[in-house]
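What follows is one structure encoded as structure tokens, with my remarks underneath.
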2 protein chains.
Amino acid sequence: MTRSEENYLKTIFHLGGGDSKSISTNAIAEQMETKPSSVTDMAKKLSDKGLVDYVRYQGVSLTDVGVKTALSIIRKHRLWEVFLVKKLDFTWDEVHEVAEQLEHIKSEKLIDKIDELLDFPKYDPHGDPIPTKDGKFQERDEKLLSEMPINSQGVCVGVKDSSVPFLKFLDKNNIALGNTIKILDKEDFDNSLRIQMNGKEMRISHQIATNLYVKKNP
Amino acid sequence: MTRSEENYLKTIFHLGGGDSKSISTNAIAEQMETKPSSVTDMAKKLSDKGLVDYVRYQGVSLTDVGVKTALSIIRKHRLWEVFLVKKLDFTWDEVHEVAEQLEHIKSEKLIDKIDELLDFPKYDPHGDPIPTKDGKFQERDEKLLSEMPINSQGVCVGVKDSSVPFLKFLDKNNIALGNTIKILDKEDFDNSLRIQMNGKEMRISHQIATNLYVKKNP
DNA sequence: ATCTATTTTTAGATTTGTCTAAATTTAATT
DNA sequence: AATTAAATTTAGACAAATCTAAAAATAGAT
């Protein structure tokens, strides 16, 4: 399994190709910043290896083996991210690039030991769930902040957009995972929110609210 | 800098090419288990990049930049080895293969943080010195066990051969770095040694004695 | 149902790193 | 100094992963 093959599987999974849903070569190319013709070539190769189902002009979806492989790479990526933050004091906006490299290290023992060292974390620094060794996901009932009703409360548990600028913006405004949030008011005009976070009142734009995951209190 | 280029620089350094000494393409090919013609190709490329001096039919040696680059890769390799042993309970015969992969991860911050986490170790698990960030080596006055005079004493500080079979052999015979050694007698017939190690008396073949480094007591 | 715009694939080229086989240079021996 | 053996390089080929440009298939609109 080459690094390139692994990156394709991971991308297809992230685009939803794990649920027998067909992903277009164009969509994959755009996500990976490559050309559709390159994707076609790789689709054939992965199909020959039994990792994706590929029908010409119909896109690709992951086979069971493909899903399993993708999950093991995502597992490694997210565990390394936790390692970088928890053990080496990286910030959550610094980890992605390095984890993109570390996820391709081939050693089952290594990643199992990292998992153990971190005490088997369930979520990465951006709140994304870490698949278990046997490829299971811990689903979590979370909502986008923008979907929460007025007067409801919750805890900030993840980000949808984990780009560096967004993460830095959150830092600057003291918005961190684990913070408690109460929706005070919605502004019909621009869909912005008035919220209370850790006691303090603040205003949140719609753009931000659609990129923050909240776990609603019962 | 590609992974392949890094591996060539590392190999040339290990073969002594860091001291303006010319290393033959054949020697490099043999060490890397590749073909001399492939080495020639890479020699040209590294020469174009100013990392080696290459004269046709005369072999290659590292430039100053080449030495610096090689040392930074060796530094990463050895730091990762320490990490694997100290933090993840790998044994000293398991670390090489994984470190061969980890040494190519590109992140200065990562390796500096690993260095810090390990409290700036000076030697790797096989007793090899770890170059500093600015490419300096800690030289150490060490001798091969086979070169120690009768009745002299020392501490076992490193292995010359760090192959898996040799390391496993040492483990099986309770020979570990840090052990104290006293040479009791030499057998002229087969050059074997009678030694005292950590109090116990034992016999050591010449083959073993030429692959163990000892720091002689004053 | 046909036409058109879009998507997707094919064909052929490119780059990197490798190889084999042949040619060349160097080194060793007489 | 000539000859031979060994080391080294060159030339040409290949596989992986990519690209461009042209061709083919699909989907949407009328």
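Order of the sequence lines fixes the chain letters, A, B, ..., with proteins taken first and strands second; residue numbering starts at 1 for each chain.
Nearest nucleotide to the side chain of Thr34(B), out of dT18(C), dT26(D), dC19(D): dT18(C). In this structure, of dT9(C), dC19(D), dT10(D), it is dC19(D) that holds the atom nearest to the side chain of Ser38(A). The side chain of Lys35(A) lies closest to dT20(D), out of dT20(D), dT26(C), dT18(D). Between dT8(C), dT9(D), dC19(C), one nucleotide has an atom nearer to the side chain of Thr25(A) than all others, and that is dT8(C).
Using a 4.5 Å heavy-atom threshold, the side chains of Glu6(A) and His104(A) count as touching. Contact of the Asp171(B) side chain with the Asp93(B) side chain is registered, since non-hydrogen atoms from C-beta on lie closer than 4.5 Å.
Using modelled atom types, one finds no donor on one side chain facing an acceptor on the other under 3.5 Å when comparing Ser24(A) with Asn26(A).
Taking the six-membered ring for Trp, Phe83(A) and Phe83(B) have ring centres closer than 6.0 Å.
To the nearest angstrom, P of dT18(C) lies 10 Å from CD of Glu5(B). Taking atom CE on Met42(A) and atom P on dT9(C), their separation rounds to 14 Å, with Å as the unit. Taking atom CG on Asn26(B) and atom P on dT24(C), their separation rounds to 19 Å, with Å as the unit. Protein atom CD1 of Ile28(B) is 14 Å distant from nucleotide atom C1' of dT9(D), rounded to whole Å. Separating the CZ atom of Arg3(A) from the P atom of dT16(C) is a distance of 17 Å, rounded to the nearest angstrom. We find that CD1 of Ile23(B) is positioned 16 Å from C1' of dT8(D), with the value rounded to whole Å. Between Asp41(B) atom CG and dT20(C) atom P there is a gap of 13 Å when expressed in whole angstrom units.
Taking side-chain N and O atoms only, Tyr57(A) has no distance below 4.0 Å to OP1 or OP2 of dT10(C). Residue Tyr54(A) has no polar side-chain atom (N or O) positioned under 4.0 Å from OP1 or OP2 of dT8(C). Taking only side-chain nitrogens and oxygens, Ser24(A) comes nearer than 4.0 Å to OP1 or OP2 of dT8(C). For dT10(C), the OP1/OP2 oxygens have no side-chain nitrogen or oxygen of Ser37(A) closer than 4.0 Å. For the pair Lys44(A) and dT10(C), the criterion of a side-chain N or O lying under 4.0 Å from OP1 or OP2 is met. Under 4.0 angstrom from either OP1 or OP2 of dT9(D) there lies at least one side-chain N or O belonging to Thr40(B). The phosphate of dT24(C) has neither OP1 nor OP2 within less than 4.0 Å of any side-chain N or O from Arg56(B).
Judged by atom type and distance alone, Ser4(A) does not reach the base of dT18(D) through any side-chain donor-acceptor pair under 3.5 Å.
Tested against Glu103(A), the residues Arg78(A), Lys10(A), Lys76(A) include a single salt bridge (Lys or Arg N to Asp or Glu O under 4.0 Å) partner, Lys10(A).
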